[in-house]
Asker: 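I'd like to ask some things about the structure below.
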2 protein chains.
Amino acid sequence: MTTDSDTPWLTDQEQRAWRTHLDVSRLLMHQLERDLQPFGLTNNDYEILVNLSEAEDHRLRMSDLATSTLQSKSRLSHQITRMENAGLVRRESCESDRRGLYAVLTEEGWDTMRRVAPHHVASVRKHFIDLFPAEDLQAFRASLTPVAEHLRKERGGL
Amino acid sequence: MTTDSDTPWLTDQEQRAWRTHLDVSRLLMHQLERDLQPFGLTNNDYEILVNLSEAEDHRLRMSDLATSTLQSKSRLSHQITRMENAGLVRRESCESDRRGLYAVLTEEGWDTMRRVAPHHVASVRKHFIDLFPAEDLQAFRASLTPVAEHLRKERGGL
DNA sequence: CCCATTTAATTCAGTATTCAACATTTACGG
DNA sequence: CCGTAAATGTTGAATACTGAATTAAATGGG
């Protein structure tokens with residue numbers, strides 16, 4: 001059993017680190033969302049556009065897109081429907097596996113991506129990257145990488 | 001104007017740091033949510049409980065609670081309604097300012113908090129804190145603190 | 001070759017979040 | 001004081017997210 005006095009409560013240092021991380025992730029997402037708003041995109045929209053832009057032929061299977069954006073299939077399906085209605089992507093059926101579908105960037109989606117990306121990068125710099133002293137960023141990533149690996153193993157489905 | 005070649009794209013190092021941060025924050029929230037599920041709480045529920053537990057008299061003004069949990073007033077209002085229905089919290093009117101309301105922890109809310117907290121702390125340790133070499137955690141927090149400060153200044157409303 | 005499993009993706013119902021509109025009370029400038 | 005502006009919270013409708021159930025197609029053991 002777990003009694004109260006057994007519990008390895010967080011030290012002050014740990015508590016501060018943890019809460020700072022929480023605050024930064026939430027505030028940062030809000031800020032990036034706000035910076036994307038003038039372009040009519042959400043963070044989720046943008047991330048889909050990035051993934052498709054970087055993909056072979058500007059297309060990815062729904063499954064792969066769900067995996068790489070860390071979303072459930074259900075959520076991705078809704079998300080793509082919305083983006084399809086907005087004209088940014090389209091669905092195309094897959095020859096080799098008739099269950100499958102590709103999400104494909106449209107011309108308009110690609111144009112949007114190229115137009116918005118510089119502003120988004122500026123936003124990421126302004127509110128995150130450029131606030132680290134050059135050395136620290138490397139250390140920051142090094143610290144976080146094992147955490148990311150651990151979490152990826154831990155999770156079953158989303 | 002902003003042309004493509006003007007844009008200070010992220011370097012490889014920067015890109016990796018940024019994406020790792022993104023992945024960790026999302027995966028971590030999912031994992032914590034999953035670990036709370038057996039207790040019938042969401043991350044949001046838990047955070048409200050923490051804030052009220054630490055507050056004078058186990059009560060906070062709706063506004064203050066919204067500010068410290070970084071949520072909009074509307075969202076908090078709905079959230080508290082749900083928690084009220086679940087018996088964790090109740091609303092009490094405020095003497096000194098008749099517009100105002102307190103959110104107050106109920107007995108059941110306080111019991112729940114004490115029962116769940118050890119498990120939640122264990123979860124935070126397992127998936128985050130304990131994955132940092134002792135020295136690194138301090139450096140991690142130090143790097144993130146200016147980011148948090150910047151973001152707090154930047155944001156107007158939520 | 002067939003049936004049982006697994007995989008791909010969507011749908012539906014329930015829940016949560018956002019955004020704007022609203023009611024009420026307080027603050028403040030003249 | 002008065003009247004306008006600002007602050008506190010809630011509400012409702014529209015939108016988004018979740019998790020389970022569903023459809024359809026591929027896989028694989030006997």
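Throughout, protein chains are lettered first and strands after them, A, B, ... in sequence-line order, and every chain is numbered starting at 1. Hydrogens, waters and symmetry mates play no part in the numbers below; they use all other heavy atoms, side chains included.
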Asker: What is the separation between atom CD1 on B:Ile80 and atom C1' on D:dT10, rounded to the nearest whole Å?
Answerer: 13 Å
Asker: Salt bridge or not for A:Glu92 and A:Arg90, using N-O below 4.0 Å?
Answerer: yes
Asker: Look at B:Arg16 together with B:Asp12 and state whether they make a salt bridge at an N to O cut-off of under 4.0 Å.
Answerer: yes
Asker: Phosphate oxygens OP1/OP2 of D:dT15: is one of them under 4.0 Å from a side-chain N or O of A:Arg82?
Answerer: no
Asker: Provide, to the nearest angstrom, the distance between the CD atom belonging to A:Glu47 and the P atom belonging to D:dC17.
Answerer: 12 Å
Asker: In whole Å, what is the span from the CG atom of B:Leu41 to the P atom of C:dT15?
Answerer: 16 Å
Asker: Between B:His78 and A:Arg98, which residue's closest nucleotide on DNA chain D lies nearer the 5′ terminus?
Answerer: B:His78
Asker: Given D:dT8, is OP1 or OP2 found less than 4.0 Å from the side-chain N or O atoms of B:Lys73?
Answerer: yes
Asker: B:Glu33 near the nucleic acid: base, sugar-phosphate alone, or nothing, with a heavy-atom cut-off under 4.0 Å?
Answerer: nothing
Asker: Between B:His150 and A:Phe128 (judged by ring centroids, cut-off 6.0 Å), do the two rings come close enough to count as a pair?
Answerer: no
Asker: Separation of B:Leu101 atom CG from C:dT24 atom P, in whole Å?
Answerer: 14 Å
Asker: Identify whether the distance between the nearest side-chain nitrogen and carboxylate oxygen of B:Glu154 and A:Lys126 falls below 4.0 Å.
Answerer: yes
Asker: Report the nucleotide, chosen from D:dT18, D:dT10, C:dT17, that has the shortest atom-to-atom distance to any side-chain atom of A:Arg75.
Answerer: D:dT18
Asker: Atom CE of A:Met62 to atom P of D:dA25: distance rounded to whole Å?
Answerer: 17 Å
Asker: Rounded to the Å, how far apart are A:Met29 CE and C:dT17 P?
Answerer: 17 Å
Asker: Please state how far atom CG in B:Asp64 lies from atom C1' in D:dG9, giving the value in whole angstrom units.
Answerer: 13 Å
Asker: Using atom CD of A:Gln79 as one end and atom C1' of C:dT10 as the other, report the distance to the nearest whole Å.
Answerer: 15 Å
Asker: Check the phosphate of D:dG19 against B:Gln37, side-chain N and O only, distance under 4.0 Å to OP1 or OP2. Yes or no?
Answerer: yes
Asker: Under the 3.5 Å rule, do the base of D:dA7 and the side chain of B:Arg99 count as making a donor-acceptor pair?
Answerer: yes
Asker: Please pick, from D:dT8, D:dG19, C:dA20, the nucleotide with the shortest atom-to-atom distance to any side-chain atom of B:Ser74.
Answerer: C:dA20
Asker: Please tell me if the side chains of A:Ser25 and B:His21 come closer than 4.5 Å, counting only heavy atoms from C-beta onward.
Answerer: yes
Asker: Starting from the 5' end of DNA chain D, give me the residue, B:Arg61 or A:Asp97, whose nearest nucleotide shows up first.
Answerer: B:Arg61
Asker: What nucleotide, of C:dA8, C:dT17, C:dT10, holds the atom closest to the side chain of A:Ser63?
Answerer: C:dA8
